[in-house]
Amino acid sequence: IIMIQLRHIDKYYRTKLHQTFVLKDINLEIEKGEFVTIMGPSGSGKSTLMNIIGMLDEPSEGEYYFAGEPVHTFSERKRSDLHKNNIGFIFQAYHLIDELTVYENIETPLLYKKVKSDDRKRIVSDLLDRFNIVAKRDLFPHQLSGGQQQLVGVARALAVQPKLLLADEPTGNLHSEQGRKIMELFQKLNQEEGITILQVTHSEENAQYGGRIVQLLDGMVVSDEKTQPISANS
Ligand code: ADP
Ligand code: ADP
C-alpha cells in the first residue's frame, strides 16, 4: 500500500526578479510501514519537503497523494483535517509549549482533534505510562532534560495514533546516548506497530535505524537506496 506519492513536485519562491527553486521535480513513493531517512546538505530542501509531506506547506507545482487522497486539490481546511488526524510531527527543538505541563502538552493535539475528555485521559495516561514519565506529568518543559523533552515530543506526536510520523532532526539537540534511545524507540514503533516514519538527519548513525535513505541535493533527489536496518539488540 502506498502511503505517500509525490509526482513532479516543485517548490519555488518568487521575487521581483527571480524565481528561486527549493525543490525541483521531486518524484517519491513511500509505502506504508517504511522507515525512510532524508539526508542532504544544509539548504538542500529537506525541511521544505518534510513540511509539504506533513501538509504544513504547499508545493508550487505537482501532485501529492496521501493514502490515495489528492492532497494537492484540497482546501486548506481539508488539508489541515487530514494532517491532524493522520500525522505526528517531531521537531529538533521539541516545540513544546512552555506554559503547559507534560500532561497538557501531550493532550494538545487531542483537543485540536476534538477527542472526548474520557478518551483524552486514557490516551495521555497510557502514553505517560509507556514512556515512563508518569512522575513528570505535572512538570513544565524547562524542568526536563533534552532527552525527556523529546520523549514528550514523541508522546505528543503519537497521541493522535498517526499513520505517519515525521521527524525533522529529532536528535539534533540531544547527546548521543539520548539520541540513540529516541532512534531505538522509532525503530520499535516502526517494526512493532507498523507506523510509517520519515526522518531528516545529518547523522549516518541515525540513518542506519531505517531501511531506506533518500539523498537531496539542490532540491533534487540524487539517490534513493534501500538499506539493511541495524538491529537495536545487536
Ligand atoms: P534546518 O533546515 O533545520 O535549519 P540545517 O540543514 O540547516 O537544518 O542544519 C541543522 C544544523 O546541522 C546546522 O547547525 C548545521 O550547521 C548542522 N549540520 C550541517 N551539516 C552537518 C553534518 N554533516 N553533521 C552534523 N551537523 C551538520
Ligand atoms: P534544509 O532543510 O535542507 O536545510 P530548507 O528546506 O530549510 O533546506 O531550505 C531550502 C532552501 O529554501 C534554502 O536555500 C532556503 O533559504 C530556501 N527557503 C526556505 N524558505 C524560504 C522562503 N520562505 N523564501 C525564500 N526561500 C526560502
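Just the heavy atoms: all of them, side chains too, but no hydrogens, waters or symmetry mates, feed the values below. What you see is a predicted model, and the numbers here were worked out from it, not measured in a lab. One-based numbering, in listed order, for ligands and for the atoms of each.
Side-chain contact, S44 with D218: no donor N or O sits under 3.5 Å from an acceptor N or O.
Residue contact check: G45 has heavy atoms under 4.0 Å from atoms 1 (P), 3 (O), 5 (P), 6 (O), 8 (O), 10 (C) of ligand 2. Against a heavy-atom cut-off of under 4.0 Å, P41 is close to the following atoms of ligand 2: 3 (O). Heavy-atom proximity to S42, at under 4.0 Å, picks out these atoms of ligand 2: 4 (O).
Aromatic rings from H18 and Y13 are positioned such that their centres are separated by 6.0 Å or more.
Residue S44 places a heavy atom under 4.0 Å from ligand 2. Ligand 2 is never approached by G219 to a heavy-atom distance shorter than 4.0 Å.
Of the N or O atoms in V22, none lie within a sub-3.5 Å distance of an N or O in ligand 2.
Although no hydrogens or angles enter the test, the distance criterion places no donor-acceptor pair under 3.5 Å between the side chain of D129 and the main chain of S125.
Both M50 and L82 are assigned to one and the same hydrophobic cluster, defined by single-linkage of ILVMFWY side chains at heavy-atom distances under 4.5 Å.
Classification of the H95-F91 ring pair by plane angle, with boundaries at 30° and 60°, yields parallel.
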